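These numbers come from a predicted model, not from an experiment. Heads up: numbering here begins at 1 and tracks the sequence. Start at 1 and go down the list; that is how both ligands and their atoms are numbered.
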Amino acid sequence: MRPFGYTRASDVADAVRLGGTTGTKYLGGGTNLVDLMRETVERPAQLVDVTGISARIEERGDGSLMIGAAAKNTALAEHRAVRTRYPVLARAILAGASPQIRNMATVGGNILQRTRCTYFYDHAGSRCNKRQPGEGCDARHGFSRNHAILGASPACVATHPSDMCVALAALDATIHLRGAGGERRLPLVELHRLPGDRPDLETNLQPGELIVAIELPAPPPAARSTYRKVRDRASYAFALVSVAALLELDAGQVKDVRLALGGVAHKPWRASRAEAALRGQPATEASFRAAAEAELADAVPLRDNGFKIELARRTIAAVLAELAGDAA
Ligand SMILES: Cc1cc2nc3c(=O)[nH]c(=O)nc-3n(C[C@H](O)[C@H](O)[C@H](O)COP(=O)(O)OP(=O)(O)OC[C@H]3O[C@@H](n4cnc5c(N)ncnc54)[C@H](O)[C@@H]3O)c2cc1C
Ligand code: SF4
């Protein structure tokens with residue numbers, strides 16, 4: 001590991017002032033960033049520790065929930081409001097990593113964790129456009145079991161690894177940011193980018209911008225929700241495919257549905273086509289399957305991950321059938 005400086009921010013303004021310097025990175029629990037520094041994939045000159053600021057989880061009068069970016073993953077999953085009103089989020093967090101890592105990891109760090117593409121980590125032996133723009137991508141024609149089937153590009157076929165973000169995408173979360181230009185808000189689904197020809201640009205954040213909080217609108221009162229993660233091992237493994245879903249029925253018909261997919265794209269994938277195909281339709285297995293087919297219509301397999309297309313279709317249909325219960 002290379003030498004680096006360390007400062008602990010006292011509040012949000014202090015963090016933004018310190019974080020605006022070139023070569024500086026914010027430090028959450030360090031469970032991803034420090035690993036990347038050990039591998040010399042990340043080489044910050046200075047770390048600004050933001051674990052001491054904005055860790056509150058606050059229920060507000062309008063039914064929304066405001067989550068400080070420094071809140072630990074465990075604290076969020078265990079919060080009463082999350083367990084009772086946003087079970088899809090609690091399940092998604094608990095499906096990720098291990099209890100020890102979730103105790104360290106912050107919400108802001110989870111959102112900005114980097115891909116688990118093994119070629120990205122292999123600094124010494126592999127070409128990677130995300131690490132070194134213009135170098136090439138060894139994953140595209142290499143071992144691609146865990147890689148993307150939606151929204152990828154010739155430059156990069158990596159997936160976003162977060163489980164929590166898939167639930168946040170389905171829940172219409174908004175990210176509160178603070179940077180040199182002041183405060184702004186961004187829907188979570190607009191935070192991460194598809195790779196295009198610049199996979200090194202992973203988000204729409206400005207340099208030095210800090211995630212301060214995540215806002216969840218009140219969940220639709222009649223909606224049932226869940227998260228299902230399909231992976232190679234029962235624990236300590238990233239998603240091959242995951243589905244976050246909220247479903248609201250009225251007299252056997254789909255009144256409202258929110259769906260997001262993980263493990264399939266460079267960003268948490270809001271399944272808007274499936275949602276549009278389902279609204280107003282009877283809550284039947286045939287409708288669920290047709291919606292899943294619509295969402296995966298443009299999927300493109302790589303050498304080793306063609307199975308993900310049918311796996312995603314089946315997981316979407318199975319999760320919706322589970323939420324519909326006897327109505328399906
Ligand atoms: C063995 C292992 C298994 C794992 N399995 C899973 C899994 O199955 N599912 C899953 O979702 N995750 C998994 N993870 C990843 C884990 O969830 C992340 O490492 C963790 O959430 C990152 O949080 P952190 O606070 O430690 O972030 P850090 O490592 O501190 O930071 C990550 C990034 O976020 C930036 N950052 C941090 N806070 C802020 C902020 N407030 N504003 C702006 N930028 C910020 C940092 O600069 C850095 O770029 C696993 C990790 C390990 C090590
Ligand atoms: S898929 Fe993306 S992260 Fe992986 S090697 Fe290719 S460019 Fe790098």
Side-chain angles (χ1 to χ4, degrees), residues 9 12 15-16 19 24-37 41-42 44 47-51 53-55 68-74 76 92-98 100-122 126-144 146-148 152-167 175-179 191 195 198-200 202-203 205 208-214 229 231 233 235-239 242 262-263 266 268 302:
V12 169
V16 172
T24 300
K25 290 217 68 146
Y26 295 120
L27 177 70
T31 60
N32 186 219
L33 180 55
V34 173
D35 279 356
L36 288 164
M37 288 169 66
V41 175
E42 296 261 22
L47 294 180
V48 177
D49 186 334
V50 292
T51 52
I53 59 175
S54 78
K72 296 291 167 69
N73 286 197
T74 300
L76 186 58
I93 295 170
L94 295 175
S98 65
Q100 291 86 349
I101 292 169
R102 295 194 296 268
N103 288 344
M104 288 290 292
T106 62
V107 173
N110 188 316
I111 292 170
L112 292 181
Q113 63 175 293
R114 304 196 70 190
T115 184
R116 292 282 159 171
C117 171
T118 45
Y119 299 95
F120 172 68
Y121 279 78
D122 181 22
S126 303
R127 293 175 309 152
C128 172
N129 286 321
K130 188 181 283 299
R131 218 179 40 228
Q132 186 62 50
E135 189 177 57
C137 168
D138 277 345
R140 199 168 156 229
H141 300 292
F143 181 67
S144 50
N146 295 312
H147 288 73
S153 73
C156 180
V157 291
T159 55
H160 193 268
S162 168
D163 290 293
M164 186 184 75
C165 282
V166 184
I175 308 299
H176 290 236
L177 301 166
R178 177 108 158 243
L191 178 72
R198 288 298 305 273
D200 53 312
E202 294 174 344
T203 70
L205 292 180
E209 240 177 346
L210 176 76
I211 297 180
V212 177
I214 295 86
K229 177 176 180 177
R231 47 188 157 172
R233 288 189 307 263
S235 74
Y236 232 45
F238 291 87
S242 69
H266 198 253
L302 297 162

Drop me the distance from Asp122's CG to Arg131's CZ, to the nearest 0.5 angstrom. 6.5 Å

Do the side chains of Asn110 and Ile93 get nearer than 4.5 Å, heavy atoms only? no

Reported CZ-to-SG distance for the pair Arg140 and Cys117, which is rounded to 0.5 angstrom: 13.5 Å

If you apply the rule side-chain contact (heavy atoms from CB on, under 4.5 Å), what do you find for Glu202 with His160, and how did you get there? CA-CA 10 Å; Glu202 294 174 344; His160 193 268; over 6 Å; no

Where Arg102 and Gly96 come nearest, the two heavy atoms and their spacing: NH1-O, 2.7 Å

So which heavy atom in the protein is nearest atom 13 (C) of ligand 1, and how far is it from that ligand atom? Phe238 CE2, 3.3 Å

Nearest protein heavy atom to atom 10 (C) of ligand 1, by residue and atom, and its distance? Asp163 OD2, 3.5 Å

Distance-only N or O hit between ligand 1 and Leu33, under 3.5 Å: yes

Look at the side chain of Thr115 and the backbone N and O of Thr159, then say whether any donor-acceptor pair between them is shorter than 3.5 Å. yes

Could you state the interatomic distance from CG (Leu36) to OG1 (Thr31), rounded to the nearest 0.5 Å? 10.0 Å

Could you check atom 38 (N) of ligand 1 against the protein and tell me its nearest heavy-atom contact, residue, atom and distance included? Gly109 N, 3.6 Å

Decide yes or no for Lys25 and Met37: does some side-chain heavy atom of the first lie under 4.5 Å from some side-chain heavy atom of the second? no

Close-contact set for ligand 1 against Gly96 heavy atoms, below 4.0 Å: 7 (C), 8 (O), 9 (N)

So is Ala237 close enough to ligand 1, meaning a heavy atom under 4.0 angstrom away? yes

Any idea which atoms of ligand 1 are less than 4.0 Å away from a heavy-atom of Tyr236? 1 (C)

Run the numbers for me: atoms of ligand 1, each under 4.0 Å from some heavy atom of Lys25, listed by number. 47 (O), 49 (O)

Please report whether ligand 1 has a polar contact with Glu42, defined as an N or O pair separated by less than 3.5 Å (distance criterion only). no

Element-labelled atoms of ligand 1 that are located less than 4.0 Å from some non-hydrogen atom of Gly28: 25 (O), 30 (O), 37 (C)

Nearest protein heavy-atom contact for atom 1 (S) of ligand 2: which residue, which atom, what distance? Val157 N, 3.3 Å

Would you please determine whether Arg116 falls within less than 4.0 Å of ligand 1 on a heavy-atom basis? yes

To the nearest 0.1 Å, how far is atom 8 (Fe) of ligand 2 from its closest protein heavy atom, and which atom is that? Cys128 SG, 2.3 Å

Atom 42 (N) of ligand 1 sits nearest the protein heavy atom Ile211 N, 2.9 Å

Which residue and atom name correspond to the protein heavy atom nearest atom 17 (O) of ligand 1, and how close is it? Gln113 NE2, 3.6 Å

Are any N, O or S atoms from Cys156 nearer to atom 2 (Fe) of ligand 2 than 2.8 Å? yes

Would you tell me whether Asn103 and Gln100 have side-chain atoms, one donor and one acceptor, within less than 3.5 Å of each other? no

Would the distance check show the side chain of Asp200 and the main-chain N or O of Pro133 forming a donor-acceptor pair, the cut-off being under 3.5 Å? no

Numbering the atoms of ligand 1 from 1, which are under 4.0 Å from a heavy atom of Leu210? 40 (C), 41 (N), 42 (N)

Atom indices of ligand 1 within 4.0 angstrom of Ile101 heavy atoms, with elements: 1 (C), 2 (C), 52 (C), 53 (C)

With Ile175, the side-chain contact (heavy atoms from CB on, under 4.5 Å) member among Ile111, Thr203, Leu205: Ile111

Using every non-hydrogen atom in the two residues, find where Arg231 and Ser235 come nearest and quote the distance to one decimal. NH1-CA, 3.7 Å

Which atoms form the tightest heavy-atom contact between Ala15 and Leu210, and what is the distance? CB-CD2, 4.0 Å

Answer yes or no: is there a donor N or O on one side and an acceptor on the other, between the side chain of Lys229 and the main chain of Ala237, under 3.5 Å? yes

Atom 18 (C) of ligand 1 has as its nearest protein heavy atom Thr31 OG1, 3.5 Å

Do any N/O/S atoms of Cys137 come under 2.8 Å of atom 6 (Fe) of ligand 2? yes

Before signing off on this row, confirm whether Thr106 and ligand 1 have an N or O atom pair separated by under 3.5 Å. yes

Which of the atoms of ligand 2 are close to Phe120, meaning less than 4.0 Å from one of its heavy atoms? 3 (S)

In ligand 2, the atoms that come under 4.0 Å of a heavy atom of Tyr119 are 5 (S)

Output yes when the distance from some N or O of ligand 1 to some N or O of Gly30 is under 3.5 Å, and no in every other case. yes

For atom 46 (C) of ligand 1, closest protein heavy-atom neighbour: Tyr26 O, 3.0 Å

Going through the distances and angles, do Val34 and Leu27 end up as a side-chain contact (heavy atoms from CB on, under 4.5 Å)? CA-CA 9 Å; Val34 173; Leu27 177 70; 4.2 Å; yes

Quick one: does ligand 2 sit under 4.0 Å from the side chain of Ala155, the backbone, both or neither, non-hydrogen atoms only? backbone

Interatomic spacing from CD1 in Ile101 to CG in Asn73 - rounded to 0.5 Å: 10.0 Å

Can you check whether Ala97 has an N/O within less than 3.5 Å of an N/O in ligand 1? yes

Out of Lys72, Arg231, Lys229, the nearest non-hydrogen contact to atom 8 (O) of ligand 1 is supplied by Lys229

Taking 4.0 angstrom as the limit and counting only heavy atoms of Ala105, give me the atoms of ligand 1 inside it, by number and element. 20 (C), 21 (O), 23 (O), 24 (P), 25 (O), 26 (O)

Among all the protein's non-hydrogen atoms, which is closest to atom 24 (P) of ligand 1, and how far away is it? Gly29 N, 3.4 Å

Nearest heavy atom to atom 44 (N) of ligand 1 wins, so pick from Val212, Leu112, Asn110, Val12. Leu112

Begin from the C-alpha positions of Thr106 and Val50 and carry the test side-chain contact (heavy atoms from CB on, under 4.5 Å) through to its verdict. CA-CA 10 Å; Thr106 62; Val50 292; over 6 Å; no

Closest approach of any protein heavy atom to atom 4 (Fe) of ligand 2, naming residue and atom: Cys117 SG, 2.3 Å

Nearest heavy atoms of Val166 and Ser242, plus distance in Å: CG2-OG, 4.0 Å

Looking at Glu209, is its backbone amide N or carbonyl O close enough to the side chain of Tyr26 to form a donor-acceptor pair, meaning the two atoms are under 3.5 Å apart? no

Ligand-residue contact atoms, ligand 1 with Pro161, heavy atoms, under 4.0 Å: 9 (N), 10 (C), 11 (O)

